[in-house]
2 protein chains.
Amino acid sequence: MGRHKEFNRDEAVTTVMNEMWEHGYEACSAKALSEKLGITRSSFYNAFGSREKLFEEIIQNYNGPKTNRDWFLINETSSVLKSISQTLQRFCRARVNDPAARGCLFINSITELVSKNDQLDPVVKDNFSTNVAYLESILTVALERGEIEKCDLRIKALALQSVLISLNVLSKVVRDEDELWATTKHSLQALGVYKE
Amino acid sequence: MGRHKEFNRDEAVTTVMNEMWEHGYEACSAKALSEKLGITRSSFYNAFGSREKLFEEIIQNYNGPKTNRDWFLINETSSVLKSISQTLQRFCRARVNDPAARGCLFINSITELVSKNDQLDPVVKDNFSTNVAYLESILTVALERGEIEKCDLRIKALALQSVLISLNVLSKVVRDEDELWATTKHSLQALGVYKE
DNA sequence: GAAATAGTGTACACTTATGTACAAAAAATA
DNA sequence: TATTTTTTGTACATAAGTGTACACTATTTC
């Protein structure tokens, strides 16, 4: 019952995601976003509640579902290390090929929001924990399959998360794909999680 | 000749540095900074020209002189790897002990300004290049002293820069000194640049 | 068709922020 | 003391941004 929205909500969320990815959260005012979407602020607030709530929706969307954050496309047959290596190589390519050099929305948000925005700080931290837990889970699989040596998997997961962080930050400055990948590969090999 | 400033310029630069470190560049408006300094915007513009010029001054100040960026306190006698390890351990402690979890002003600025602020993008990139060159130079010393194996020092320097980046980003989220240092140490050991 | 419901447009009453212009004030030099 | 130089305070004109209130419009259900 009631009047229909004059815009597609899902499309709008995607548009806002790209705006926040490119310009950062704080640079995206309700006014600017509303104008970008071609709606009034009135409709914006009605549809999304607030910028904060919208960000929460966007970051969940960006990172994928909490229970199944399958970035590395791990399956039963192929090597876990191979999946990690191939995925990070794809990331290097994607980040360098992005003309706006946006890096990663989530990692940008750590720098911009943690300990700066009281409402979103816990959201970002929660997403971070989920990420590290995911990395630890795939390293556990790698260990079970004998692909890596026994070690503190929590620390190894944090070290792998570190490679992801620096790859994304570095990609804003190192705009040569070969150089970015050589650096990432060097780190992966050092950590013993690289496989051709 | 002429009237004296009613504030200490150097003190003001330090105050603004801390404001930008804590809140980020864009969050520090000319109005907000002027009020923080207890001066009028008129005096602010007169003394610093613009927010951009002031940032340039601050980041040079923060990173230290271009020709002598001696963060790792390398000297003729002690081990280069030991200096690196001890310095990064000090960084872990400092970052976790910072109640505002500000991370590193320079690394925060990469995320906030590169490809977003036309005027400051080249300033940040230039500082980055200087940093990597510095890291490569100390790795060269380490190689000459037989502390590391022969390899592509440019890539090794970028990998070491990666550890610095992730340590600083990670420190906003990983608030336990032992865990942060364990992760950093693990990465340094993997890269073959750790020494007790 | 009337009632209920949900989205839209306009207005309000702010606050923040920009950079410049110009007069007034203070200090050094001539 | 008069002149020059620099800093400071106030004002201007304008744009961006906040969240809410309320009438208006479109749509569905009864």
Side-chain angles (χ1 to χ4, degrees), chain A residues 1-59 108-109 112-113 116-121 123, chain B residues 1-59 108-109 112-113 116-121 123:
Chain A
M1 207 197 258
R3 185 172 172 177
H4 301 318
K5 280 191 174 58
E6 292 184 3
F7 64 99
N8 182 305
R9 199 183 185 283
D10 292 344
E11 272 177 33
V13 169
T14 303
T15 302
V16 173
M17 182 193 79
N18 280 304
E19 285 295 298
M20 288 186 170
W21 196 350
E22 183 168 350
H23 304 111
Y25 173 78
E26 289 300 351
C28 293
S29 63
K31 185 179 194 283
L33 291 174
S34 304
E35 281 166 5
K36 181 81 190 178
L37 295 173
I39 63 178
T40 60
R41 263 182 319 128
S42 176
S43 300
F44 176 86
Y45 282 118
N46 179 62
F48 306 114
S50 65
R51 247 162 93 233
E52 286 82 11
K53 278 191 180 174
L54 180 50
F55 176 83
E56 287 191 48
E57 198 173 330
I58 281 167
I59 206 73
N108 295 347
S109 301
E112 187 176 2
L113 300 173
K116 284 179 182 155
N117 183 311
D118 290 345
Q119 202 173 335
L120 296 179
D121 169 291
V123 175
Chain B
M1 208 199 259
R3 186 172 170 174
H4 300 319
K5 280 190 174 59
E6 292 184 3
F7 63 100
N8 183 305
R9 200 184 184 282
D10 292 344
E11 272 177 33
V13 170
T14 303
T15 302
V16 172
M17 182 193 78
N18 281 304
E19 285 295 298
M20 289 186 170
W21 196 349
E22 182 166 350
H23 305 111
Y25 173 79
E26 289 301 350
C28 293
S29 64
K31 185 180 193 284
L33 292 175
S34 303
E35 282 166 3
K36 181 80 190 180
L37 296 172
I39 63 178
T40 60
R41 264 184 318 130
S42 176
S43 301
F44 176 85
Y45 282 118
N46 179 63
F48 305 114
S50 65
R51 246 162 93 235
E52 287 81 13
K53 278 191 180 174
L54 180 50
F55 176 83
E56 288 192 48
E57 197 173 330
I58 281 166
I59 207 73
N108 296 347
S109 302
E112 186 176 3
L113 300 173
K116 285 179 182 154
N117 183 310
D118 291 345
Q119 202 173 337
L120 296 180
D121 169 290
V123 175

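Residue numbers begin at 1 in each chain, while the letters A, B, ... track the order of the sequences.
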Review point. Can A:Lys53 and A:Glu57 be said to form a salt bridge (charged side-chain N to carboxylate O under 4.0 Å, His left out), step by step?
Key: CA-CA 6 Å; A:Lys53 278 191 180 174; A:Glu57 198 173 330; over 6 Å; no

Point to revise | side-chain contact (heavy atoms from CB on, under 4.5 Å) between B:Val13 and B:Phe48, intermediate numbers included | key: CA-CA 9 Å; B:Val13 170; B:Phe48 305 114; 4.0 Å; yes

Review point. Do A:Leu120 and A:Glu56 pass the side-chain contact (heavy atoms from CB on, under 4.5 Å) test, and can you show the C-alpha distance, the side-chain angles, and the key distance before you say yes or no?
Key: CA-CA 8 Å; A:Leu120 296 179; A:Glu56 287 191 48; 4.0 Å; yes

Exercise for review: Could you give me the CA-CA distance, side-chain angles and deciding distance for A:Glu26 and A:Asn117, then say whether side-chain contact (heavy atoms from CB on, under 4.5 Å) is met?
Suggested key: CA-CA 10 Å; A:Glu26 289 300 351; A:Asn117 183 311; 3.9 Å; yes

Check your understanding: What's the verdict on side-chain contact (heavy atoms from CB on, under 4.5 Å) for A:Leu54 and A:Phe44, showing C-alpha distance, side-chain angles and the deciding distance?
Key -> CA-CA 10 Å; A:Leu54 180 50; A:Phe44 176 86; 3.7 Å; yes

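Nearest-nucleotide positions on DNA chain C place A:Phe7 closer to the 5' end than the other of B:Ala30 and A:Phe7. Each of A:Glu6 and B:Asn46 lies near DNA chain D, and the nucleotide nearest B:Asn46 is the one positioned closer to the 5' end. When each of B:Glu35 and A:Lys5 is assigned the nucleotide of DNA chain C bearing its nearest heavy atom, the one mapping closer to the 5' terminus is A:Lys5.
Atom-to-atom, NZ of A:Lys31 to P of C:dA17 comes out at 16 Å; the value is rounded to the nearest Å. Remark: P of C:dT8 and CZ of A:Arg9 are 12 Å apart, rounded to the nearest angstrom. For B:Ile39 and D:dT6, the CD1 to P distance is 18 Å, given to the nearest whole Å. In this structure, NZ of B:Lys36 is placed 16 Å from P of C:dT16, rounded to the nearest angstrom. The nearest whole Å value for the distance from the CZ atom in B:Phe44 to the P atom in C:dA17 is 12 Å. B:Glu26 has its CD atom 12 Å from the P atom of D:dG17, to the nearest Å. When rounded to the nearest whole Å, the span between CG of A:Leu33 and P of D:dA16 equals 15 Å.
Between C:dA4, C:dT20, C:dG7, one nucleotide has an atom nearer to the side chain of B:Tyr45 than all others, and that is C:dT20. You'll find that the side chain of B:Arg3 is closest to C:dA25, out of C:dT18, C:dC12, C:dA25. In the set D:dG17, D:dT29, C:dG9, D:dG17 carries the atom at the smallest distance from any side-chain atom of A:Ala32. Here the side chain of B:Met1 is nearest to one of C:dT18, D:dT5, C:dC12, namely D:dT5.
Phosphate contact (OP1/OP2 of C:dA28, side-chain N/O of B:His4, threshold under 4.0 Å): present. One finds a side-chain N or O of A:Ser29 lying less than 4.0 angstrom from the OP1 or OP2 phosphate oxygen of D:dG17. The shortest distance between the side-chain N/O atoms of B:Ser42 and the OP1/OP2 oxygens of D:dT8 is not below 4.0 Å.
Contact annotation: side chain of A:Arg41 to base of D:dG19, donor-acceptor pair present below 3.5 Å.
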